[in-house]
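Written out below as structure tokens is the structure these notes cover.
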Amino acid sequence: MKRKLTGISLAIMMIISAVAGCGSSSGSQEDKGEASAPSSQQASVNENKETAQAASGQEAAGDRVNLVLWFGLSGQAGEIVQQAIQNYNDSQDKVYVEVQYQGSYEESLNKLKTAMRTKAGPDLVQIYEAGTRTMIDSGFVIPMQTIIDAYGIDISGLEENLLNYYVVDGKLYSMPLNTSVPVCYYNKTVLSQIGYEDGPKSWDDIGDISQKVIDQGLAESGIALCSNLAWCFEQPMVQQRYPMVDNDNGRAGRATRSTLADGTLAVDIAAKFQEFVTKGYTANVGFTVEDNRAAFWSGNAVIMMDSSGSIRASLEAIDGAYELGVCEFPGLTKDAPNGGVTLGGASIYVCDNGKGDAKNEAIADFMKYLIDPETQGFIFANTGYFPITSAALEQEAVKETMKEYPQYQVVIDTVHNSPNMGFGALYASLVDGRAIYVDYLEKMFLGEVTPKECIERSVQEIDTLIEEYNEIN
């Protein structure tokens with residue numbers, strides 16, 4: 001069977017809105033508002049979506065097992081992933097995966113909490129990486145490792161760096177689906193004129209580039225800040241293996257307190273953000289993630305730190321107006337230790353919804369399809385989400401994409417050069433914790449607190465969150 005404001009205030013508002021909407025969801029879902037640039041796959045995607053809607057809820061055709069998947073990825077990338085799922089439905093007649101969009105990842109998580117109390121939840125749910133600890137502690141899920149072991153799913157060819165994030169207590173709790181990494185996009189046409197053809201290697205380079213392009217009239221601003229300020233704030237800490245919470249960043253045991261103020265690195269990062277804003281390096285473009293990205297795509301800004309999941313959309317939006325460069329996420333300083341970044345995106349969890357093991361075989365079949373090299377190659381080639389299956393890079397479609405768009409190589413290099421990938425913070429209050437230090441970064445930009453106070457006050461509030469969570473869970 002085939003299987004196939006001009007000034008600081010405006011800059012601050014732009015940053016805050018970017019945080020509120022990064023990703024295809026909230027929190028660290030760096031893919032929110034995934035670029036809406038035209039896609040060559042659009043017609044086919046819409047056609048498949050109509051087919052899916054027509055068959056929605058029908059378990060009947062040919063006694064197919066119906067799996068309900070709650071989905072939280074929107075935009076161009078979301079359409080591609082949904083198309084991949086529809087391809088599975090079309091490839092066989094035993095299983096049908098019914099995709100139900102639930103809004104953002106955070107909305108999906110909140111709905112799941114309500115539904116699972118009455119065992120009315122889905123069979124599968126797509127949740128962002130920031131929800132990992134919450135999902136593990138919830139009691140709502142069956143570890144993916146259980147399905148892998150019971151049905152002999154071969155994961156030996158999967159990227160260990162990516163799996164490491166989702167492995168807790170020796171078990172893989174979820175299967176990565178759309179995995180992205182933070183990268184630096186830059187206007188290579190402009191940066192080649194000032195000696196930065198290969199892009200910035202450090203945040204100090206970003207400052208130097210910003211000053212030069214403004215002074216020389218090459219662009220209105222230097223950097224359109226990351227679509228997720230919180231995510232970008234965390235990456236230099238991951239690079240230097242600097243924990244955000246205790247117990248080895250929440251991986252050797254449940255976190256009991258924040259460690260952001262234990263050293264000076266978090267303060268240094270906050271101060272660098274403050275420098276970019278106060279010196280006028282940031283693009284003053286509006287209040288949404290889309291405006292932030294549009295500032296870079298239009299050439300207003302020459303640098304943007306964003307998700308690798310936006311590569312294809314960025315290429316299509318720029319449409320040859322200038323040469324797009326993509327480089328690895330810069331270190332805070334040139335000589336700083338750099339163990340690479342941690343991941344973003346989302347993974348698939350198996351819900352313990354009271355239906356027993358009746359659907360587990362179908363779930364296992366679907367998981368085998370999702371990690372198949374052809375499936376992963378299709379998603380990577382059309383988005384920029386990194387394939388969790390190494391063999392996907394050998395797919396002809398991927399090779400052709402790499403030849404036409406060499407920018408994709410940076411995603412591969414980033415994953416392979418990131419031994420700290422599995423060091424990302426793991427604690428159930430992570431989303432709320434991010435909101436806290438973003439709020440204090442805002443106050444810092446307004447001059448209400450210093451970088452040091454920004455971090456110290458964030459720690460106080462995060463510690464309260466962690467303490468309250470641990471008392472009731």
Side-chain angles (χ1 to χ4, degrees), residues 1-4 41 44-73 78-102 108 112 115 119-127 140-158 172-178 346-379 382 387-389 391-392 395 397:
M1 191 172 294
K2 181 176 69 172
R3 248 210 188 165
K4 291 277 156 239
Q41 308 289 334
S44 177
V45 168
N46 288 340
E47 192 175 310
N48 283 333
K49 287 167 78 175
E50 290 173 5
T51 301
Q53 290 167 358
S56 176
Q58 294 182 5
E59 192 171 331
D63 293 324
R64 299 174 82 168
V65 177
N66 193 73
L67 298 177
V68 174
L69 166 62
W70 281 10
F71 196 74
L73 178 61
E79 291 164 358
I80 293 298
V81 176
Q82 288 197 60
Q83 181 171 331
I85 295 171
Q86 187 58 40
N87 289 346
Y88 170 73
N89 290 334
D90 294 340
S91 73
Q92 42 75 49
D93 58 9
K94 294 182 179 180
V95 182
Y96 184 85
V97 179
E98 179 185 342
V99 177
Q100 296 182 357
Y101 182 69
Q102 300 296 319
S108 294
L112 187 69
K119 297 296 183 181
D123 301 299
L124 302 164
V125 63
Q126 178 197 33
I127 295 293
F140 297 160
V141 301
I142 299 169
M144 186 62 69
Q145 193 71 52
T146 300
I147 304 297
I148 291 169
D149 293 345
Y151 294 93
I153 301 176
D154 183 7
I155 62 171
S156 62
L158 303 191
L172 181 65
Y173 269 84
S174 59
M175 185 67 76
L177 173 60
N178 51 299
S347 60
I348 299 292
Y349 288 86
V350 179
C351 297
D352 188 6
N353 55 13
K355 297 178 182 178
D357 298 337
K359 294 189 175 185
N360 286 354
E361 184 175 357
I363 290 171
D365 191 69
F366 180 48
M367 289 303 109
K368 290 176 183 178
Y369 167 80
L370 285 182
I371 65 174
D372 182 81
E374 185 174 346
T375 306
Q376 287 293 309
F378 170 77
I379 294 173
N382 287 284
I388 64 170
T389 304
Q395 292 290 305

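Along the sequence shown, residues carry numbers from 1.
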**Request:** Could you go through the side-chain contact (heavy atoms from CB on, under 4.5 Å) check for W70 and I127 one step at a time?
**Result:** CA-CA 9 Å; W70 281 10; I127 295 293; over 6 Å; no
**Request:** Give the C-alpha distance, both sets of side-chain angles, the deciding distance and a yes or no for side-chain contact (heavy atoms from CB on, under 4.5 Å) between I148 and M175.
**Result:** CA-CA 10 Å; I148 291 169; M175 185 67 76; 4.2 Å; yes
**Prompt:** Do V350 and M144 pass the side-chain contact (heavy atoms from CB on, under 4.5 Å) test, and can you show the C-alpha distance, the side-chain angles, and the key distance before you say yes or no?
**Reply:** CA-CA 7 Å; V350 179; M144 186 62 69; 3.7 Å; yes
**Stepwise side-chain contact (heavy atoms from CB on, under 4.5 Å) check, I147 with N360** = CA-CA 7 Å; I147 304 297; N360 286 354; 3.7 Å; yes
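Between Y151 and D357 the shortest heavy-atom distance is OH-O, 4.4 Å. Shown here for A362 and V95, the closest heavy-atom pair between the two residues is CB-CG2, 3.7 Å. When all heavy atoms of K119 and D352 are compared, the pair lying nearest together is NZ-O, 3.3 Å. In terms of heavy-atom proximity, L370 sits nearest to Q376 at O-NE2, 2.7 Å. Of all heavy-atom pairs spanning A391 and P373, the tightest one is CB-CG, 3.7 Å. Looking at every heavy atom in both residues, I388 comes nearest to P176 through CD1-O, 3.3 Å.
Under a 3.5 Å cut-off, the side chain of Q145 and the backbone N or O of L172 do form a donor-acceptor pair. No donor-acceptor distance shorter than 3.5 angstrom exists from the side chain of Y369 to the backbone of N89, with no hydrogens or angles considered. With hydrogens and angles ignored, the 3.5 Å screen pairs a side-chain donor or acceptor of K359 with a backbone N or O of N66. Under the 3.5 Å distance criterion, the side-chain polar atoms of Q395 are left unmatched by any main-chain donor or acceptor of A397. Without hydrogens or angle criteria, Q102 side chain to G72 main chain gives no donor-acceptor distance under 3.5 Å.
In this structure, Q86 and V99 have side chains that are not in contact, with every pair of non-hydrogen atoms separated by 4.5 Å or more. Here the side chains of T375 and Y88 are not in contact, with every heavy-atom distance at 4.5 Å or above. In this structure the side chain of L69 reaches within 4.5 angstrom of the side chain of I348, judged on heavy atoms. Between V81 and F71 the shortest side-chain heavy-atom distance falls below 4.5 Å.
Expressed to the nearest 0.5 Å, how far CD1 of I371 lies from OG1 of T389 amounts to 5.5 Å. Here the OG-CG distance, from S347 to L177, works out to 8.5 Å after rounding to the nearest 0.5 Å. Atoms CG and OH, on L73 and Y101 in that order, are 8.0 Å from each other to the nearest 0.5 Å. Going from atom CG of L124 over to atom OG of S174 covers 11.5 Å, rounded to the nearest 0.5 Å. Considering CG of L67 and CG of D365, their distance stands at 9.0 Å, rounded to 0.5 Å. Atom CD in E98 sits 11.5 Å away from atom CZ in R64 (nearest 0.5 Å).
Looking only at atom types and distance, the side chain of Q126 has a donor-acceptor partner in the side chain of N178 under 3.5 Å away.
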